[in-house]
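Take a look at the structure set out below.
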Amino acid sequence: MSAADRCSTCCAPGRNPARTRGPPARAAGGRARRHHPDRARHPRRPNRFTKQAGNHGGTRYPQLRLLALVACGTRTLIDAVFGPTTAGETTYAPRLLPSLRTGMILLADHDFAAQRLLADIAATGAEVLVQLKNGRRMPVLARFPDGSYLSTLGDLRVRVIDCEITVTTSARKPTSLYRLATTLLDHQHHPAAELTTLYHQRWEIETAYLELKSTILGGRVLRARTPEGIDQEIYALVVVYQLLRTAMADATSTQPGTDPDRAGFSIAWQTARDQIILAAGIIADTVIDLAGTIGRHVLADLLPQRRPRVSPRIVKRAISKYQARGPRIDRTSYKATTGIEISTPAGP
């Protein structure tokens, strides 16, 4: 899922990456996190985190599911919940709803397009922009000049956008069909093309998960020996992430016009770690300025402006040799040009 504010509370000051003519954007989604099976067991209590089954023996480690709501502009956490993988994302999602409010837009993929869940989200006062499966039948109640049309999901009135997105690179030109539904019914204030562009911001949640799992954890499994310890470790993980993201957002806000995307998370992480290793501020009568130190390092080495790029989604380490694509996998990131064409559904 993703969420966006009509005010700039979803984006750092001076930046509005997902502004239509109203709201900007935030994101949320779910991921599984592994922990060591032997370290998570206790002889007197069962482990509530289980391994996932599979055709090739299942996962090696027990897993937990983490669902988060993230601001797309700054990638700061709004809320997060977690628990066993025996419950799905739509089971955990209602626990995030108290963090939604009027003035937000929630961006969600098709796994969250359940009628009851969308109705509950809309009841919070937040708007919704969700992807639907292309084969889902939607009644056409009225057509709008921008190519979208009025429809319903259960009792919830929505506007549906069918679009064709073409990504052109020097190597290929793939085209994909997308169907989006939104509670933003005013096509004049929220044109279909702008909402389609806005939906791309949902991918900010994927970057947040990458920073949690790869940058902070370094790809390692969790180390706690008990379920309670795992809870504590997850809370520590998201607290550290939030502190770093807050320091980065505060730093970029001191330079008007600086895109928060240019703040390097690895730089912030390494700076904070170095301060701890050097025992900075431990000696008496010294000034502790951890957030300021992180901010100065971030601003001193800003990343270049984000470029539109694409990279193929592939299985890096296939469980089965029959699923592997061989040694000639193209892992190149290409500069890309994206074209959006709004489709008009057939029918009266």
Side-chain angles (χ1 to χ4, degrees), residues 27-41 47 49-52 54 58-71 74-77 80-85 203-249 251 260-280 290-291 293-298 300-303 306 309 311-319 329 331 333:
R31 283 295 179 273
R33 178 67 231 161
R34 297 172 295 182
H35 60 83
H36 197 287
D38 296 327
R39 292 176 177 171
R41 294 194 183 116
N47 183 13
F49 301 113
T50 59
K51 297 182 181 180
Q52 288 187 315
T59 58
R60 181 181 178 184
Y61 298 102
Q63 294 183 326
L64 62 82
R65 191 180 306 282
L66 173 68
L67 200 68
L69 186 66
V70 172
T74 59
R75 291 202 288 277
T76 50
L77 283 172
V81 296
F82 63 92
T85 55
W203 282 96
E204 298 293 346
I205 187 67
E206 307 299 338
T207 302
Y209 281 125
L210 176 67
E211 292 162 349
L212 281 167
K213 297 172 69 174
S214 296
T215 305
I216 296 180
L217 285 175
R220 299 185 301 273
V221 298
L222 303 179
R223 300 174 295 177
R225 295 177 179 271
T226 64
E228 292 79 5
I230 292 171
D231 291 349
Q232 186 178 22
E233 195 168 353
I234 289 293
Y235 281 122
L237 179 66
V238 295
V239 165
V240 169
Y241 173 86
Q242 182 73 342
L243 289 173
L244 292 176
R245 272 290 163 196
T246 301
M248 294 164 65
D261 282 338
R262 297 186 61 193
F265 187 83
S266 294
I267 295 173
W269 165 247
Q270 292 167 3
T271 302
R273 185 179 58 184
D274 290 345
Q275 294 300 300
I276 294 175
I277 294 174
L278 296 174
L290 179 59
T293 302
I294 294 173
R296 286 191 293 273
H297 280 77
V298 166
D301 196 8
L302 290 173
L303 302 175
R306 178 180 288 184
R309 296 177 297 170
S311 182
R313 299 185 68 186
I314 58 176
V315 178
K316 294 182 179 179
R317 293 181 296 274
I319 297 176
I329 297 175
R331 302 181 185 275
S333 293

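Since the model is a prediction, treat every value here as computed from it, not as a measurement. Starting from 1, each residue takes its place in the sequence as its number.
- Interatomic distance, CZ of F265 versus OG1 of T207, reported as 11.5 Å (0.5 Å rounding).
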Side chain to side chain contact (heavy atoms under 4.5 Å, CB included) assessment of L222 paired with L217: CA-CA 8 Å; L222 303 179; L217 285 175; 4.1 Å; yes
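- Taken from OG1 in T246 to CG in L77, the straight-line distance is 8.5 Å, to the nearest 0.5 Å.
- Around atom CD of Q242, more than 12 heavy atoms belonging to other residues, nucleotides or ligands sit under 6.0 Å away.
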Candidate pair M248 and R75, rule side chain to side chain contact (heavy atoms under 4.5 Å, CB included), full reasoning: CA-CA 10 Å; M248 294 164 65; R75 291 202 288 277; over 6 Å; no
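- The shortest heavy-atom contact between T85 and L64 is CG2-C, 3.7 Å.
- The shortest heavy-atom contact between W269 and I216 is CZ2-O, 3.7 Å.
- For the salt bridge (Lys or Arg N to Asp or Glu O under 4.0 Å) test, no residue two or more places apart in sequence or in another chain qualifies with R262.
- Taking the centre of each ring, F82 and Y235 come in below the 6.0 Å mark.
- Annotation for A268 and L244: closest pair O-CD2, 3.7 Å, computed over non-hydrogen atoms.
- Atom OG1 of T226 is separated from atom CD of E233 by 10.0 Å, given to the nearest 0.5 angstrom.
- What you find for A224 and G229 is that their closest heavy atoms are CB-C, 3.2 Å.
- Here the closest heavy-atom approach between residue T76 and residue T74 is recorded as OG1-OG1, 2.9 Å.
- Without hydrogens or angle criteria, E211 side chain to Y241 main chain gives no donor-acceptor distance under 3.5 Å.
- Residues A251 and G295 share a closest heavy-atom pair of CB-CA, 3.6 Å.
- Between R273 atom CZ and T271 atom OG1 the span is 9.5 Å, to the nearest 0.5 Å.
- Q270 contributes atom CD, which lies 7.5 Å from atom CD1 of I267 (distance to the nearest 0.5 angstrom).
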From CA spacing to verdict: side chain to side chain contact (heavy atoms under 4.5 Å, CB included), D261, E204: CA-CA 10 Å; D261 282 338; E204 298 293 346; 4.2 Å; yes
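- A search for salt bridge (Lys or Arg N to Asp or Glu O under 4.0 Å) contacts involving D301 returns nothing, not counting sequence neighbours.
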Audit row: I294, L243, side chain to side chain contact (heavy atoms under 4.5 Å, CB included) steps and yes/no: CA-CA 10 Å; I294 294 173; L243 289 173; over 6 Å; no
